[in-house]
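Convention: sequence-line order gives letters A, B, ...; per-chain numbering from 1.
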Number of protein chains: 2
Amino acid sequence: MARNVEFDEAAAIQKAMEVFWKKGYNATSLRDLTDAMKINSSSLYNTIGDKQELFVRCVQHYTDIRKEDWDKRLSSERSPLAILKDYIHEAVNIIINCEDSCMAVKSAFEVATNDERVKKILAADDQRSYQFLHNLIKKAMDKGEIRDDEDPALLADYFNSIWTGWYESFILHGDPIKIKRMAEYFIKQLTK
Amino acid sequence: MARNVEFDEAAAIQKAMEVFWKKGYNATSLRDLTDAMKINSSSLYNTIGDKQELFVRCVQHYTDIRKEDWDKRLSSERSPLAILKDYIHEAVNIIINCEDSCMAVKSAFEVATNDERVKKILAADDQRSYQFLHNLIKKAMDKGEIRDDEDPALLADYFNSIWTGWYESFILHGDPIKIKRMAEYFIKQLTK
DNA sequence: TCATTTCTGAAACAATTGTTTCAGAATATT
DNA sequence: AATATTCTGAAACAATTGTTTCAGAAATGA
């Protein structure tokens with residue numbers, strides 16, 4: 001009986017995400033967003049909602065595409081340890097190549113401390129990568145590729161939290177060699 | 001020939017720092033600041049400067065008191081390895097007890113990406129703790145307390161960047177046990 | 001084709017933003 | 001005590017904030 005929404009919501013979310021990613025939640029204005037999304041604020045409020053709601057959707061989108069991206073990167077038939085090593089090298093590449101750091105990390109420190117919904121999304125994303133690592137580590141242990149005298153759950157937590165500091169280091173010093181050397185050391189620790 | 005400044009600038013900076021620490025740079029308004037500092041905005045602009053300048057001063061203050069705090073905590077006559085272990089345990093205690101995470105880390109991700117002065121202050125602070133660790137690690141190696149088949153500079157970098165991820169983990173999961181277990185694993189790695 | 005519903009664009013909204021103004025109070029020197 | 005200088009408080013500033021309004025354009029189903 002009536003009109004349909006004209007703009008492509010998925011594309012608009014993608015654009016909004018890019019702005020939030022670069023500038024952070026609080027430094028991004030509604031004008032910044034509607035400019036990038038190429039929609040009017042009335043359309044935004046009619047379909048998605050207010051700024052907070054939009055941000056939640058963007059964080060969710062970020063973790064969604066990150067999941068897909070990792071699935072693609074690591075969909076090999078190689079051994080568990082080889083995949084773990086790939087994971088580390090891919091992570092290093094992302095850290096030293098992306099201009100705006102990691103949106104999940106930035107949002108954890110800027111928004112998750114105050115916004116329960118954002119915290120939940122980021123915690124779920126963290127849990128997902130944790131599970132991925134946990135499985136791989138267990139398999140690698142079963143195959144005897146890495147020593148099995150440590151709790152795989154502990155190793156997965158440790159593994160999973162190592163990147164954030166490397167992001168910070170790269171922001172402060174911009175030194176890719178530093179990151180690469182830490183990664184090599186980390187791999188060495190894991191295997192010996 | 002004239003009046004002196006009435007308010008206690010050091011105390012005002014301290015108060016402003018607390019607000020910035022809790023809320024972040026962009027979410028803090030000038031009213032938030034002048035309320036906490038208990039001064040008028042005209043006094044603020046006459047003495048310290050604008051919001052950015054005030055923030056720079058607060059970040060500097062944060063790293064200053066952090067330096068003093070660590071000097072106090074670690075001014076023991078114990079062995080290098082014992083001091084390294086103390087360092088880890090103190091860091092864990094700070095991480096799992098502070099409500100508003102670490103201002104340096106938060107500012108690195110929210111502000112240092114865009115503000116060169118803030119980046120410089122945080123990089124210098126990072127460099128300071130790096131040097132502290134580097135010296136200790138070298139001493140511990142000389143004394144044979146930890147194995148010396150790794151570059152102490154690399155170990156210091158690795159050591160220095162490990163905390164940030166633990167802060168993030170604590171924000172997302174609020175689980176002190178997780179942090180403590182990672183710390184114990186880290187110590188074990190270091191010594192064996 | 002028409003009626004009905006929904007979406008869009010531009011403008012406006014009040015509130016808040018960071019910053020400035022300035023008259024008068026306050027004080028250090030003479 | 002007089003004077004000169006500086007600081008403070010309250011108010012105002014324009015600009016921007018997030019959000020809402022609403023008339024009219026658009027498109028659906030009858």
Aromatic ring pairing B:Trp21/B:Tyr62, orientation class (parallel under 30°, perpendicular over 60°, tilted between): perpendicular
Where does the angle between the aromatic ring planes of B:Phe109 and A:Phe109 fall among parallel (under 30°), tilted (30 to 60°) and perpendicular (over 60°)?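 Rings of B:Phe109 and A:Phe109: parallel, under 30°.
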Whole angstrom is fine here: how far is it from [atom1] in [X] over to [atom2] in [N]?
| X | N | atom1 | atom2 | result |
| --- | --- | --- | --- | --- |
| B:Glu53 | C:dG18 | CD | P | 16 Å |
| B:Leu54 | C:dT19 | CG | P | 10 Å |
| A:Phe7 | D:dA27 | CZ | P | 15 Å |
| B:Lys23 | C:dT16 | NZ | C1' | 12 Å |
| B:Gln52 | C:dT19 | CD | C1' | 13 Å |
| B:Ile39 | D:dC7 | CD1 | C1' | 12 Å |
| A:Asn26 | D:dT16 | CG | P | 18 Å |
| B:Phe55 | C:dG18 | CZ | C1' | 16 Å |

Name the nucleic acid region contacted by B:Thr28, choosing base, sugar-phosphate or nothing; use a 4.0 angstrom heavy-atom cut-off, strictly under.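 B:Thr28: backbone/sugar contact only, no base atoms under 4.0 Å.
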Per atom distances to the B:Asn4 side chain, the nearest of C:dG18, D:dG18, C:dA28 is C:dA28
If you only use heavy atoms from C-beta on, which nucleotide in C:dT19, C:dT8, D:dT19 is closest to the side chain of A:Lys51?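 Looking only at heavy atoms from C-beta outward on A:Lys51, the closest nucleotide is D:dT19.
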When the ring centroid of [X] is compared with that of [Y], is the distance short of 6.0 Å?
| X | Y | result |
| --- | --- | --- |
| B:Tyr130 | B:Phe159 | no |
| B:Phe132 | B:Trp70 | no |
| B:Trp163 | B:Phe170 | no |

A:Leu30 or B:Ser43: which one's nearest nucleotide on DNA chain D is closer to the 5' end? B:Ser43
Going by heavy atoms in the side chains, are B:Lys178 and B:His173 under 4.5 Å from each other? yes
Any side-chain heavy atom of A:Ile83 within less than 4.5 Å of one from A:Pro80?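 Contact flag for A:Ile83/A:Pro80 side chains = no.
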Could you summarise the pairing of DNA chain D as dot-bracket text, marking Watson-Crick and G-U pairs under 3.5 Å with ( ) or [ ] inside the strand and | across strands? ||||||||||||.||||.||||||||||||
Which residues pass the salt bridge (Lys or Arg N to Asp or Glu O under 4.0 Å) test with B:Lys67, sequence neighbours left out? B:Asp71
When you compare the protein's N or O atoms with those of nucleotides 20-25 of chain C, which come within less than 3.5 Å of each other, and at what distance?
residue	atom	partner	partner atom	Å
C:dT20	O4	B:Ser41	OG	3.0
C:dA25	N3	B:Arg3	NH1	3.2

B:Met37 and side chain to side chain contact (heavy atoms under 4.5 Å, CB included): which partner among B:Asp32, B:Val19, B:Leu54? B:Leu54
